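In what follows, a single structure is set out as structure tokens and then discussed.
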Amino acid sequence: MPELPEVEYVARQLREELPGRRIVSVTVGWPRTLGGMEPSEFVTRVTGQVVGAIGRRGKHLIVELDGGDALVIHRRMSGNLIFLPPEERDPWARIVFGLDDGRTLVFSDPRKFGRTLLVSQVELSDLFASLGPEPLEDEFTAEELQARLRGSRRAIKAALLDQSVVVGLGNIYADEALFRARIHPLRPAASLSHEEVAQLRDAIRETLLMGIEHGGTTFGRHRDVYDEAGTNLDYLNVYRRIGQPCRVCGQPIERVVIAQRSSHYCPHCQPRV
DNA sequence: CTATAAACCTGCTGGC
DNA sequence: TGCCAGCAGGTTTATA
């Protein structure tokens, strides 16, 4: 579920809560969430650590620990990081962190696709080695994007989902950005003019910023750390609006499958030519 | 390089 | 009401 806006929103919240807090207990409810590390090693290396800076790279949330290691959390499809109210239990708790202020932070993940990895600094950079530019940073220019699309004949939608082209976009925001740029999702990536790439670059940034502003898109399970849903669903133009009238021209929104994912677009505003 | 399918998992919705 | 098919915010790996 979570794409860049949902991860960034939660990162900002954790930045207000976690730095300086000591992790006093760790419980592993689903070992595979650790991505191969033995639960005993994870618990040993995390327990007693003091949280440092909170970061984000693409859809990965980074929690620095004072010993030099870092927790890298990827929520994948259904994961949430939530402060669990006292005396409440979460049926989907995969990892539970007890803090020195008495609170409990839970990695809650019904579908179990999410990952909470403990990595050294070296492992961290290896993990991110093949990731593309951050779309909200200055490095993400139209020239940079065009360079990464050059020579690619696959559908632009598929290219936008590829985290080595640009990080942070998922199925919702890729569709929304293409609508905002008025580009059909099946257009071959390298067929976009420089003008169109420039529009797309701007559209990506605006779409993501809007998502962050609204606390992310919730149509299913996305919640922030206080268990609140985001409101960005109300502002979407095409995603999950099949058959409904385009907010710009009134034509019904259509669906096509690209890279095994539902893609939503307006046939009038986003011409195939 | 590109495309496609399957795998990893559980839960919700809609149709009959 | 009950059951089943289909679908869901992501990523990796295998196969053609």
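As the structure is a prediction and not an experimental result, all values here were calculated from the model. We name chains A, B, ... by the order of the sequence lines, and we start the count at 1 in each one.
Among the atoms of the strands shown, none is found under 4.0 Å from any heavy atom of A/Tyr173. Within 4.0 Å of A/Gly170, counting heavy atoms only, lie sugar-phosphate atoms of the nucleic acid but no base atom. Nucleic acid contact class of A/Gly151 (heavy atoms, under 4.0 Å, all strands): sugar-phosphate only.
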Could you walk me through whether A/Glu123 and A/Ser120 pass side chain to side chain donor-acceptor pair (under 3.5 Å), step by step?
-> CA-CA 5 Å; A/Glu123 292 167 327; A/Ser120 66; 3.3 Å; yes
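Listed by chain and number, the residues in a side-chain contact (heavy atoms from CB on, under 4.5 Å) with A/Arg187 are A/Ile156, A/Ile183, A/His184, A/Ser191, A/Leu192, A/Glu196 (sequence neighbours excluded).
Rounded to an integer number of Å, the gap from CG of A/Leu131 to C1' of C/dG10 is 13 Å. Distance A/Asp162 CG to C/dT11 C1': 11 Å, rounded to the nearest Å. Between the C1' atom of C/dG10 and the CG atom of A/Asn171 lies a distance of 10 Å, rounded to the nearest Å. Spacing between atom CZ of A/Arg153 and atom C1' of B/dT4 amounts to 16 Å, rounded to whole angstrom units. Separating the CG atom of A/Leu117 from the P atom of C/dT12 is a distance of 11 Å, rounded to the nearest angstrom. Nucleotide C/dA8 holds its C1' atom 14 Å from the CD atom of A/Glu6, rounded to whole Å. Between the P atom of B/dT2 and the CG atom of A/Leu149 lies a distance of 11 Å, rounded to the nearest Å. Residue A/Arg148 contributes atom CZ, which lies 14 Å from atom P of B/dC1 at whole-angstrom precision.
The same atom, C1', is picked in B/dC8 and in C/dC4; the two are 22 Å apart, to the nearest Å. With both ends at atom C1', the span from C/dG6 to B/dC9 equals 16 Å, rounded to whole Å.
Nearest nucleotide to the A/Arg255 side chain, out of C/dC7, C/dG10, B/dT2: C/dC7. Closest to the side chain of A/Ser262, from the set C/dC7, B/dT2, C/dT11, is C/dC7.
Ionic pairing of A/Arg148 and A/Glu144 is present here: one or more N-O contacts between side-chain nitrogen and carboxylate oxygen are shorter than 4.0 angstrom. Between A/Lys157 and A/Asp175, at least one side-chain nitrogen of the basic residue sits less than 4.0 Å from a carboxylate oxygen of the acidic one, meeting the salt-bridge criterion. Between A/Glu3 and A/Lys59 there is no salt bridge, since no side-chain nitrogen of the basic residue lies less than 4.0 Å from a carboxylate oxygen of the acidic one.
For A/Asp138, the CG atom sits in a loose shell: 12 or fewer heavy atoms of surrounding residues, nucleotides or ligands are nearer than 6.0 Å.
Side-chain atoms of A/Ile258 and A/Leu186, non-hydrogen and from C-beta on, do get closer than 4.5 Å to each other.
For the pair A/Arg205 and A/Phe140, the NZ or CZ position fails the cation-pi test of under 6.0 Å to the six-membered ring centre and within 45 degrees of the ring normal.
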Report, as a single string ordered 5' to 3', how protein heavy atoms within less than 4.0 Å touch nucleotides 7-16 of chain B: B base, S sugar-phosphate only, - not at all.
-> -BBBS-----
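Between A/His74 and the phosphate of C/dT11, there is a side-chain N or O to OP1/OP2 separation shorter than 4.0 Å. Side-chain nitrogen and oxygen atoms of A/Gln163 include none within less than 4.0 Å of the OP1 or OP2 phosphate oxygen of C/dG10.
Pair assignment for B/dC9: none, as no Watson-Crick or G-U wobble contacts are both less than 3.5 Å.
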